[in-house]
Protein chains: 2
Amino acid sequence: MLSQSVQDYLKTIYKLQENTSAVSTTQIAKELDISGASVTGMLKRLAAMKLVDYNSYKGVRLTEDGTKVALEILRHHRLLELYLKESLGFSLAKVHDEACRLEHYVSDEFVERIDDLLGRPEYSPLGNPIPTKEGRIPESSYLPVTDAELNKQYIIKRIADDNHEMVAYFEEVGLIPGVDIMVLSKAPFNGPLTIKYSGKEYIVGNEVGRNIYVDAI
Amino acid sequence: MLSQSVQDYLKTIYKLQENTSAVSTTQIAKELDISGASVTGMLKRLAAMKLVDYNSYKGVRLTEDGTKVALEILRHHRLLELYLKESLGFSLAKVHDEACRLEHYVSDEFVERIDDLLGRPEYSPLGNPIPTKEGRIPESSYLPVTDAELNKQYIIKRIADDNHEMVAYFEEVGLIPGVDIMVLSKAPFNGPLTIKYSGKEYIVGNEVGRNIYVDAI
DNA sequence: TTCTTACTTTAGGTAAGATTAAAAATTAGT
DNA sequence: ACTAATTTTTAATCTTACCTAAAGTAAGAA
């Protein structure tokens, strides 16, 4: 079995890979909040295990094997998030941390059972796609609400899970996946947005808006 | 947070303490399947952390703090066992291993929620008492069925969880907590027992009988 | 009382995963 | 193209948790 640490590196590289072609040592170090030197050491080990392709100074990419592991962990994580919310009544703000710990230790049987119980869901409560057992993951391209057209009806599809306090805020004000939303106005120079959702008008900062992803209805 | 390893030592010492006054290095080593030298090293660290009272060559006992930690883990473990069985449909044979891994990583909130969901149960599916949040544990003294009187009605209260295959066997033949049982005969020299339960007669070895604990009805 | 045996501890080592400090490589700015 | 700044890697350590081999302790048998 791969260590929790190895699993976390692979998950992190997978996520960072979505934006950049090759992932740098520093990016990983920042994301995991450890020193760059530690990352270099681990990347060598991961390369020796054939989980990543690593070129000194050039960055790193997951191999096919590495991707498979990353997707498995992501599957665990996102199913756990949904399970914690739906079956155990956890708040949206807390599911991420709990899932981050448990994802490494639940057995495949555990995951299969909650998957069944939840009816083989496709999305986590934060709107992230859940990879299938076979490693397929629905490609979905959503729009940050900051880029939405004015006065057009959208639906919230995903909220970013990086920042816990922001997730808690989203939950509190009801800006969560599945909710209809319309942008009434955007202040210039990346200013705040006036949005309408659940029958009320609301003003949110640009930073916040960039963490809400929507899709046209 | 205490490491998984530290938690496992404390849990093991707690269990062994139930039979002996002071727990020896070798007992712990056997139980955890590691070398005696490793145990000595860890006991020193546990003593430095004030989790155990340790006297070289004399054995070890949990301090009050150590006991508190052990009971917390036991609570996690046994609640998880019941939860895995009742809510996720795990077989009795599998709950122990899964709980052994997860017990170290579930949050207090997780434990409280499953405790609520299960209606604050007092016993695990194998019949072990579940410590309360405050560390109270119902004292219960059951009888191995090998010591039961002949032709008297008993109820199975607990089955030993050390041996997975035996647990699987118990589950298969229906010898599980809550089932009524009567001993019809005992062969001499620790020979097999003829028992009657669930309307059928059955013969089990003495070894097996010593792992079934019963109480008079 | 000493010998034998079983148990326990000490000493020295390994591996994973982290650290800091210093050296080396890359990238950017003029 | 050359220097400066930034990244990245190397080198040397640390901690946890394990190991084996050797030495020390305790306790019963001779």
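Residue numbering restarts at 1 for every chain, and letters A, B, ... go by the order of the sequence lines. Only a predicted model underlies this, so the values are computations on that prediction, with no experimental measurement involved.
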All N/O donor-acceptor pairs, side-chain side in residues 27-34 of chain A, below 3.5 Å, sequence neighbours left out:
| unit_1 | atom_1 | unit_2 | atom_2 | d |
| --- | --- | --- | --- | --- |
| A/Gln27 | OE1 | A/Ser24 | N | 2.9 |
| A/Gln27 | OE1 | A/Ser24 | OG | 3.4 |

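- Shown here are the salt bridge (Lys or Arg N to Asp or Glu O under 4.0 Å) partners of B/Arg45, two or more places apart in sequence or in another chain: there are none.
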Enumerate all atom pairs, one protein N or O and one N or O from nucleotides 21-28 of chain C, separated by less than 3.5 Å.
| unit_1 | atom_1 | unit_2 | atom_2 | d |
| --- | --- | --- | --- | --- |
| C/dA25 | O4' | A/Tyr57 | OH | 3.2 |

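- The ring-ring contact (aromatic ring centres under 6.0 Å, His included) pairs that include a residue from residues 73-99 of chain A are A/His77-A/His96, A/His96-A/His164, where partners are two or more places apart or lie in different chains.
- By the side chain to side chain contact (heavy atoms under 4.5 Å, CB included) test, B/Val52 is found to be paired with B/Leu10, B/Ile13, B/Leu46, B/Ala47, B/Tyr54, B/Val60, B/Leu62, residues two or more places apart in sequence or in another chain being considered.
- Taking the nucleotide of DNA chain C with the nearest heavy atom to each of A/Gln4 and B/Tyr54, the more 5' of the two is matched to B/Tyr54.
- Contact check of residues 5-16 of chain B against DNA chain C (heavy atom, cut-off under 4.0 Å) returns no residues at all.
- Applying the salt bridge (charged side-chain N to carboxylate O under 4.0 Å, His left out) test to residues at least two apart or on different chains, the pairs with a partner in residues 95-108 of chain A are A/Lys11-A/Glu103, A/Glu98-A/Arg101.
- Residues satisfying the side chain to side chain donor-acceptor pair (under 3.5 Å) criterion with B/Lys157, sequence neighbours excluded, are absent altogether.
- Rounded to whole Å, atom P of C/dG17 lies 12 Å from atom CG of A/Leu32.
- Residues that satisfy the salt bridge (Lys or Arg N to Asp or Glu O under 4.0 Å) test with A/Glu122, not counting sequence neighbours, are absent from this structure.
- Between A/Asp33 atom CG and C/dG17 atom P there is a gap of 18 Å when expressed in whole angstrom units.
- Nucleotide D/dT15 holds its C1' atom 16 Å from the CD1 atom of A/Ile34, rounded to whole Å.
- Taking atom CE on B/Met49 and atom C1' on D/dA17, their separation rounds to 12 Å, with Å as the unit.
- One N or O on the side chain of A/Asn163 and one on the backbone of A/Met166 form a donor-acceptor pair closer than 3.5 Å.
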Which side-chain N or O atoms in residues 63-71 of chain A pair as donor and acceptor under 3.5 Å with protein atoms at least two apart or in another chain?
| unit_1 | atom_1 | unit_2 | atom_2 | d |
| --- | --- | --- | --- | --- |
| A/Thr63 | OG1 | A/Lys50 | O | 2.8 |
| A/Thr63 | OG1 | A/Leu51 | O | 3.1 |
| A/Thr63 | OG1 | A/Asp65 | N | 3.4 |
| A/Thr63 | OG1 | A/Gly66 | N | 3.1 |
| A/Thr67 | OG1 | A/Thr63 | O | 2.7 |

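- A/Tyr169 places no side-chain N or O within 3.5 Å of a backbone atom of A/Val208 that could act as its donor or acceptor partner.
- An OP1 or OP2 oxygen of D/dT16 is reached within less than 4.0 angstrom by no side-chain nitrogen or oxygen of B/Ser3.
- Take B/Glu112 and apply the side chain to side chain donor-acceptor pair (under 3.5 Å) test, not counting sequence neighbours, and it matches B/Arg75.
- A heavy-atom distance below 4.0 Å to DNA chain C is reached by these residues of residues 38-47 of chain B, ordered by number: B/Thr40, B/Lys44.
- Nucleic acid contact for A/Thr25: sugar-phosphate only, since backbone atoms but no base atoms lie under 4.0 Å from a heavy atom of the residue.
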